Structures are given as structure tokens and as C-alpha cells.
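Just so you know, these numbers come straight off a predicted model, no measurement behind them. Below, read A as the first sequence line, B as the second, and so on, with proteins coming before strands; counting in each chain starts at 1. Hydrogens, waters and symmetry mates play no part in the numbers below; they use all other heavy atoms, side chains included.
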There are 2 protein chains.
Amino acid sequence: MDTAAKYNHVDEEAESIVTRKEVAELAGVSEATVSRVMSGVGPIKAETKQRVLEAAQSLNYHPNAIAQSFARRRSGNLGVVLPYVPKVHIFSTYYFSEVLSGIGEQVKEMGYDMLLMFRTPGVESDYMRIFRSQKVDACIILGATDTPGERAELRTMAEAGLPFGLVNQHFSGERFLEIDADHTEGSYSAVKHLIARGYRRIAFLNGSPQYSNSGDRLRGYVQAMREAGLLPGVEAHPADAEAIPPHWYYEGNYSRTSGYKAAAEMVRNRDRIDAVFASNDRMAIGLMQGLREHGIVPGRDIAIVGYDDSDAARVTDPPLTSVAVPFYEMGRLAAEKVLTRAAGGSGADEQEPPVSMKLDTKLVIRQSCER
Amino acid sequence: MDTAAKYNHVDEEAESIVTRKEVAELAGVSEATVSRVMSGVGPIKAETKQRVLEAAQSLNYHPNAIAQSFARRRSGNLGVVLPYVPKVHIFSTYYFSEVLSGIGEQVKEMGYDMLLMFRTPGVESDYMRIFRSQKVDACIILGATDTPGERAELRTMAEAGLPFGLVNQHFSGERFLEIDADHTEGSYSAVKHLIARGYRRIAFLNGSPQYSNSGDRLRGYVQAMREAGLLPGVEAHPADAEAIPPHWYYEGNYSRTSGYKAAAEMVRNRDRIDAVFASNDRMAIGLMQGLREHGIVPGRDIAIVGYDDSDAARVTDPPLTSVAVPFYEMGRLAAEKVLTRAAGGSGADEQEPPVSMKLDTKLVIRQSCER
DNA sequence: TGAGATAATGAACGCGCGTACATAATGGAC
DNA sequence: GTCCATTATGTACGCGCGTTCATTATCTCA
């Protein structure tokens with residue numbers, strides 16, 4: 001006997017969970033019929049349907065989503081794995097918020113919900129558990145890094161045919177579902193623009209190297225500089241990184257603070273720099289603030305180009321030339337691909353292999369490099 | 001017979017779902033014992049525990065989260081209801097992204113996941129369904145508006161004792177769990193500051209009136225103006241809104257565009273305005289752009305104060321004086337309160353009534369109102 | 001050594017739903 | 001009116017787990 005049911009009957013009245021059984025009784029049909037009416041499956045006499053719907057309404061019946069998920073072995077959730085970055089308000093970064101907006105849009109359109117999961121810092125094998133636990137039907141991983149551990153784990157998942165996708169990064173040599181942007185091309189065009197504007201002594205402020213797009217941007221920068229004869233050719237220094245003299249290469253972690261700090265270093269090489277290409281707008285903005293404090297006025301004394309074309313680029317002083325990345329669209333696309341894949345059967349066979357896409361970027365010219 | 005199982009046996013090897021039954025067999029114990037080991041319930045002999053864990057590991061067993069939720073009738077999810085604003089990249093707005101960051105932090109700490117749910121535009125009775133469907137144990141509602149329909153629905157939920165909370169808004173006369181900021185005080189101090197700086201002809205650019213905080217800010221503005229004798233006293237015009245002459249009152253919808261448009265209107269009353277208090281930074285920024293295009297330089301020709309102290313306020317030209325709101329903390333607090341409430345039993349009885357809190361804001365002075 | 005207490009395990013059931021299969025009602029052709 | 005093909009509904013089971021209750025192994029203290 002359920003004693004809780006006895007003594008809590010006040011609650012029972014207020015919010016007791018109505019099940020299809022009660023609806024069936026009230027409507028004078030079987031539970032199966034209620035089920036069919038609610039999910040619109042199979043042929044139902046119009047009058048029966050009507051009775052059931054009325055009964056459901058009058059009892060305020062709503063199918064238990066968990067039980068449904070359980071029975072049909074589909075959660076109806078798209079998992080989005082976010083890196084756990086304590087202290088950083090992750091949604092407030094342009095990249096994440098745009099990607100999430102795109103995912104959110106697509107997810108809603110396809111009738112799913114969006115389950116956000118923050119990675120646990122120390123734990124390595126996190127991804128597989130997400131699928132094994134069945135809380136999501138598919139998942140999108142943001143901010144994965146290219147470490148041996150993560151790479152191995154992703155590969156395991158790919159081999160198991162699990163529907164997952166990566167946004168804004170790619171793992172060379174793997175066949176993952178990746179929606180990336182062409183950051184090499186984007187960086188190339190940014191640096192080309194500076195060169196076309198007459199700048200020659202162009203420094204590069206890159207972000208954390210564990211992200212694939214940092215490497216991409218490095219490649220674009222070096223390529224443009226080499227083509228202009230501003231860096232030694234491939235023969236001399238095959239490796240891109242080594243081709244850059246230290247007074248032109250700086251590294252931050254994509255935070256504004258790191259850009260601010262880079263300014264102090266650049267000041268020491270002031271006479272060898274007349275332009276900077278920064279790997280994202282936040283660093284560019286920090287850099288501009290830092291330079292200004294050293295009496296170097298961005299746009300006048302030094303040209304700056306950012307990356308991402310975030311909202312902030314529009315309101316800085318001077319407005320920041322930047323490279324627009326279709327993050328929103330990338331999120332949308334990733335969600336679509338991965339959910340389609342999830343719906344198309346769990347097996348890896350007779351599935352087309354996951355595609356890897358690279359969307360175009362676009363240079364947006366403003367006043368930060370117009371002297 | 002399951003033909004799929006026959007022909008997909010490659011997948012079956014790779015990702016067949018391992019259940020506790022198989023673990024039990026391998027470990028030579030009952031399913032109940034496996035269950036107890038996995039969830040750490042009840043006394044277990046160390047050796048047995050060891051055997052079970054090894055078996056689980058070797059089979060790569062992970063309890064099915066959906067089944068767990070189903071059995072223990074708890075989803076482990078905190079629902080976050082977002083307004084559906086097509087075209088607007090909702091995560092990219094400072095308010096939402098900060099609140100979400102705060103919720104995310106707390107949710108992780110308390111071992112929950114975060115289920116994002118976008119409201120369906122036309123549908124009214126959305127909230128109740130969320131609970132009835134059992135997909136979430138508690139929920140936080142963002143961007144609710146004070147319409148009769150929503151108010152009624154929220155009241156129904158409150159009466160049912162459902163654990164939900166509102167962030168950054170309050171419904172006067174109701175006893176909901178609300179985590180708000182003191183926007184009246186924040187606005188009051190912003191306008192006071194302008195007055196202290198010597199400005200007298202202070203216009204107010206408010207946001208959409210269906211949000212409670214729009215009303216709050218209106219109140220703060222009027223109060224400060226009245227105290228300085230810049231608006232007629234309460235005797236003359238009891239209602240706050242009516243006390244303001246039209247050339248001082250403008251209304252946008254919190255978007256940058258609406259701020260930009262307001263600039264055009266203000267220009268017509270140019271000679272009667274020397275400062276503007278805007279209800280958020282986005283509008284303030286749009287306003288600044290618009291004014292500039294009319295040859296009015298913000299900070300020099302006209303003083304501007306924004307609201308939210310978003311990242312953008314730091315990088316505008318001139319940097320924007322603004323009112324800082326602890327959105328992150330509000331999100332964290334709301335999640336904590338609502339989850340605690342959810343864990344404390346489902347009944348409405350013997351629960352302390354939901355609290356309504358108002359956190360402090362803080363004026364951050366920059367150069368946009370220092371002539 | 002034995003009895004009672006306690007620790008450890010197993011057996012069995014139900015959570016609410018989807019659905020395969022069995023069955024009953026209905027319709028149409030003759 | 002009969003027979004078969006649909007259509008409409010009911011019956012029964014299982015999804016994987018938590019959990020209660022019954023049972024058995026182990027320990028404690030006399």
C-alpha cells in the first residue's frame with residue numbers, strides 16, 4: 001500500500017499525475033486507444049477521437065515525456081556539449097552565443113529540445129557516456145580541443161556510428177561530421193587587405209594553438225605574407241610557424257585580457273610593427289585598449305584587423321575591420337545534419353559517411369585600418 | 001524476430017545497448033545488486049562491488065538515464081524557457097547570455113542538466129505542459145511578459161506548487177519566486193548622476209512596456225526628476241508616465257535599431273534635450289550612432305547613460321556610463337532556489353512560500369556624460 | 001555453540017507508454 | 001443474408017531501472 005498516496009492527498013488533488021489509464025476510463029475506451037489518439041497513430045473513428053480528446057482535456061492530461069522517451073527509446077533531445085570554463089561567462093562570447101542561437105533555431109524547427117551539458121574538467125571519457133546514457137539522440141560538441149585523448153574518443157564514437165558533430169573545428173585525417181569555416185582563407189584575405197592598404201610590417205596575434213582554427217589562421221597569415229615577399233618562402237622555412245620572426249608573432253587565449261597584455265609586448269617592437277592581425281575581436285579590442293594606453297592610437301598610428309565580426313566590432317573606436325564568420329548558420333547546419341543523421345537509423349551502414357564542410361568567411365572593412 | 005538485429009550485427013557489436021542484466025550475469029549477481037552498486041545504495045560487500053564494477057567496465061555499461069528518470073520519476077533537468085524571437089540571435093543579447101551563464105554554473109554544481117525550451121509563438125498554455133510532461137524537475141522562465149494570459153497561467157502553476165522561477169521581472173500582487181534587480185533604484189541613481197553633473201533637460205528612452213523592469217525604470221527616472229524639481233510633483237500628476245512631457249519620453253524595444261530610430265525623433269527636440277537616459281546599452285549605442293549621424297556628438301554635445309553595463313559599454317566611443325546589473329548572479333540564484341525547491345518534495349504544503357528578491361545594481365561611470 | 005541482530009543479496013513488481021497481435025465492428029460486393 | 005476486406009478497438013507485453021520485501025549469510029555476545 002502506498003502510504004504516501006494516503007497522506008499526501010492534498011497534493012494528489014492539486015497536481016496528481018494524470019495517466020492515460022484515467023483518460024481511458026473516462027472516455028470509455030482502452031488505454032491503447034488513448035495512446036493512439038494522442039500520438040495520431042493508426043485509424044481512429046472520429047467520434048472516439050473526440051471523446052478521448054475531451055476526456056484528456058477535462059483531466060488536463062499530458063503524456064509523460066519521460067515515459068514516451070523510454071518506450072520509444074528516443075529522447076527527443078539534441079545534446080550540446082560545452083567546454084567548462086569556470087569564471088568565463090561562456091554564453092557571452094560571441095562565438096558560442098551565435099552558434100547556440102543557430103542550433104536553437106534548427107532544433108525547434110525539427111521538434112527537438114536542446115540539452116546543454118557542460119564538460120567536467122578532469123574527466124576524459126565524457127562524450128561516450130552522453131550517448132550511452134541515452135539522454136540525447138544526437139549531439140554537437142563545441143570547443144573540442146585536438147589532444148590525443150579527445151581525438152581517440154571522438155574516433156571511437158565515429159566508429160560506433162554515433163550521430164555527433166563538431167562546429168568550428170576540424171580534425172585532419174578523421175572523417176567526422178564537421179561544420180567549420182574557412183579560416184585560412186579568411187585570414188588570408190584579412191592580411192591581403194592590410195598589404196593592399198600599404199602596410200608591410202604586419203604582426204599576428206594568434207589564439208590558443210589547441211584549436212584547429214588557430215592553425216588555420218596562422219596558415220592564412222603566412223601565405224599572404226609570403227606571397228607579398230614579406231616572409232621567407234616555403235623553401236627557406238617549410239613550417240609556417242617558424243617562418244615568422246618573433247617580433248611579429250604573439251599568442252593570446254582569445255580573451256580580451258590576453259589582447260591587452262599582448263599590447264605591452266608589442267610596444268617593445270613598436271618600430272617594427274605598423275599593423276596587427278588579431279585572431280578574434282575580443283583580443284583585438286583588448287589590444288586596442290592596451291596600445292592606446294601606451295599612446296599608440298589604433299587606426300591612426302597602427303592598423304588593426306580583428307576576426308569574427310562580432311557586435312563589438314561595430315562600436316569600437318575606431319570601428320574594427322574584421323572577418324565575418326557565419327557562426328549562426330554553422331550552428332543551424334550542424335544541428336540539421338546531426339539530427340537528420342540520428343533519425344536515419346542508428347546503424348552506421350547504409351549511411352552516407354559524415355561530411356565535413358567549410359563555410360565562407362567575409363572581410364568587413366571599417367575604419368581601423370584606413371590611415 | 002528482430003530482423004534489424006540480424007542484419008545490423010556489426011553495429012550490435014559496436015553499440016548494442018548493454019543493460020544491467022548482462023552485467024549481472026557476467027558478475028554472477030542479481031540485477032538488483034548491480035543496481036545498488038551503480039547507484040551506491042545500501043550495503044554491499046566490497047568484493048561484490050568490485051566484481052560488479054569490473055563487469056560493468058568490461059562491458060562498457062552505463063545506466064540508461066532515461067530509464068532512471070522514468071523509474072525514479074525525476075528527470076534531472078532544469079528547464080529554461082526562452083521567448084521565441086525569430087531572427088534575433090537570442091543568446092547574443094547580454095541579458096540572456098549572462099543569465100544563462102549563471103544558471104549553467106549553478107546547474108552543473110547541483111548535478112543537473114539544462115534543458116532549453118523555446119516558447120512556441122502562438123501557444124498560450126505552454127508552461128504547464130512543460131511540467132506535466134515531466135521532462136524537467138523545475139524551470140526558470142525568461143522573458144515572460146505581464147499579460148493577463150501569462151499571469152493567469154503562472155498563477156495556476158504557483159497554486160499547484162510547481163517549482164518555477166522568474167528572472168529579471170516581477171508580477172506585483174503575486175507570490176512567485178522572482179529574482180529581480182532593483183531597476184527603480186538603478187535608474188534613479190543614473191538620472192541623479194546626470195543631474196549632479198549639471199544636466200537638467202534629461203530625456204528618457206524606455207523599452208517595451210510589457211516588461212516589469214520598464215515600469216521600474218520609468219519610476220526611477222520620474223522620482224529623480226521630481227526630486228530635482230525637473231518634473232511636476234506627485235500632486236500635479238500622480239501617474240508617473242503622465243508627468244513626463246512628450247519631448248522627453250521615447251520608447252524603443254530594447255534593440256539597437258530602435259535606439260537608432262529614436263535618435264531621429266530626438267533631433268526634432270534637440271534644443272530641449274541635453275542628456276538621455278536609455279533603458280539598455282543596445283538602445284544607447286543605437287542612439288549614439290543615430291545622433292552622431294545628425295552631427296550630435298555623444299559625450300560632447302549630449303550626455304548619454306545606458307543600462308546593463310554590457311561588454312559593449314566599455315568599447316563605445318565615448319565609453320558608456322551605464323548601470324551594472326548582476327545578471328549572472330541572478331541566474332545562479334534563481335537556479336539554486338528553484339532546484340532546492342524541486343528537491344524539497346513535490347507538495348505545496350510545508351514548503352516555505354516562494355521568495356521574491358531584488359538584487360542591487362551599480363552605476364558605472366565612464367566618459368559618455370562627462371562634458 | 002546458539003540465538004538474535006545485522007549485513008548482504010535475490011525475487012518480483014511497477015513506473016507510463018508504444019506497439020505487435022488478437023479480436024470485433026463495419027462496409028461492400030454478390 | 002453471406003463472406004471477405006477493411007477499419008477500429010482491445011489485450012498484453014516489454015522498455016531498463018528503482019525499490020520493497022523476503023531470504024540468506026555473517027557477526028556479536030552470551
Side-chain angles (χ1 to χ4, degrees), chain A residues 1-5 12 16-25 27-53 55-56 59-76 129 131-135 137 346, chain B residues 1-5 16-25 27-53 55-56 59-76 131-135 137 346:
Chain A
M1 228 152 294
D2 186 3
T3 54
E12 295 297 317
S16 74
I17 292 108
V18 182
T19 70
R20 73 175 179 189
K21 188 177 170 198
E22 306 167 47
V23 177
E25 279 167 8
V29 297
S30 73
E31 291 188 46
T33 299
V34 175
S35 188
R36 284 190 270 256
V37 169
M38 296 311 287
S39 47
V41 169
I44 300 282
K45 207 200 286 181
E47 184 220 322
T48 309
K49 181 172 175 178
Q50 178 70 9
R51 274 217 319 282
V52 170
L53 288 178
L59 292 175
N60 196 15
Y61 167 72
H62 294 277
N64 180 322
I66 297 283
Q68 287 181 315
S69 294
F70 182 50
R72 50 166 77 115
R73 267 155 295 179
R74 273 184 7 99
S75 66
R129 159 160 350 132
F131 279 106
R132 284 254 132 64
S133 77
Q134 310 259 55
K135 250 192 159 177
D137 300 330
S346 63
Chain B
M1 228 153 290
D2 186 3
T3 54
S16 73
I17 293 110
V18 182
T19 71
R20 73 175 180 189
K21 188 178 169 200
E22 306 166 46
V23 177
E25 280 168 8
V29 297
S30 73
E31 291 188 46
T33 299
V34 175
S35 187
R36 284 190 269 255
V37 170
M38 296 311 288
S39 48
V41 170
I44 301 282
K45 207 199 287 180
E47 185 220 322
T48 309
K49 182 172 176 180
Q50 177 72 7
R51 273 217 318 282
V52 170
L53 287 178
L59 293 175
N60 195 15
Y61 167 73
H62 294 279
N64 180 321
I66 297 285
Q68 286 181 316
S69 295
F70 181 51
R72 48 166 78 116
R73 266 154 300 180
R74 272 184 8 99
S75 66
F131 279 108
R132 283 254 134 57
S133 77
Q134 309 259 59
K135 251 192 158 176
D137 300 332
S346 62

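- B:I17 places its CD1 atom 14 Å from the C1' atom of D:dG14, with the value rounded to the nearest Å.
- Between the CZ atom of B:R73 and the C1' atom of D:dT19 there is a distance of 10 Å, rounded to whole Å.
- If you check every strand for non-hydrogen atoms under 4.0 Å, A:R20 touches a base.
- Checked by atom type and distance alone, the side chain of A:T48 never pairs as donor or acceptor with a backbone atom of A:I44 at under 3.5 Å.
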Checking side-chain contact (heavy atoms from CB on, under 4.5 Å) for the pair A:T33/A:K49: CA distance, chi angles, key distance, verdict? CA-CA 9 Å; A:T33 299; A:K49 181 172 175 178; over 6 Å; no
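- When heavy atoms are screened at a 4.0 angstrom cut-off, B:S69 is found touching no nucleic acid atom at all.
- Residues A:S75 and A:K135 approach most closely at OG-O, 3.1 Å, considering heavy atoms.
- A donor-acceptor distance shorter than 3.5 angstrom exists from the side chain of A:S39 to the backbone of A:S35, with no hydrogens or angles considered.
- At a threshold of 4.0 Å, the pair A:K21-A:E31 does not count as salt-bridged, since none of the basic side-chain nitrogens sits closer than that to a carboxylate oxygen.
- Look at CZ on A:R36: it is 10 Å from C1' on D:dT11, rounded to the nearest Å.
- Going from atom CD1 of B:I66 over to atom P of D:dG18 covers 13 Å, rounded to whole Å.
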Would you sort out whether A:Y61 and A:R20 count as a side-chain contact (heavy atoms from CB on, under 4.5 Å), showing the intermediate values? CA-CA 7 Å; A:Y61 167 72; A:R20 73 175 179 189; 3.7 Å; yes
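- Atom pair A:R51:CZ and D:dA8:C1' shows a separation of 12 Å (rounding to whole Å applied).
- Among D:dA8, D:dC17, D:dG10, the nucleotide with an atom closest to any side-chain atom of A:S30 is D:dG10.
- The side chain of A:A71 lies closest to D:dG14 when the candidates are D:dC17, D:dG14, D:dG10.
- Without hydrogens or angle criteria, A:S69 side chain to A:R74 main chain gives a donor-acceptor distance under 3.5 Å.
- Of all the residues in residues 37-46 of chain A, not one reaches under 4.0 Å from DNA chain C with any non-hydrogen atom.
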Going through the checks in order, is the side-chain contact (heavy atoms from CB on, under 4.5 Å) test met by B:V29 and B:V52? CA-CA 8 Å; B:V29 297; B:V52 170; 3.9 Å; yes
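- Within the 4.0 Å cut-off from OP1 or OP2 of D:dG18, at least one side-chain nitrogen or oxygen of B:S35 is found.
- Judged by distance alone, the side chain of B:R51 and the main-chain N or O of B:A27 form a donor-acceptor pair under 3.5 Å.
- Toward the 5' end of DNA chain C, the nearer of the two residues B:G28 and B:Q134, judged by each one's closest nucleotide, is B:G28.
- Heavy-atom contacts of chain A under 4.0 Å fall on DNA chain C between two terminal nucleotides, which in 5' to 3' order are C:dG16 to C:dA20.
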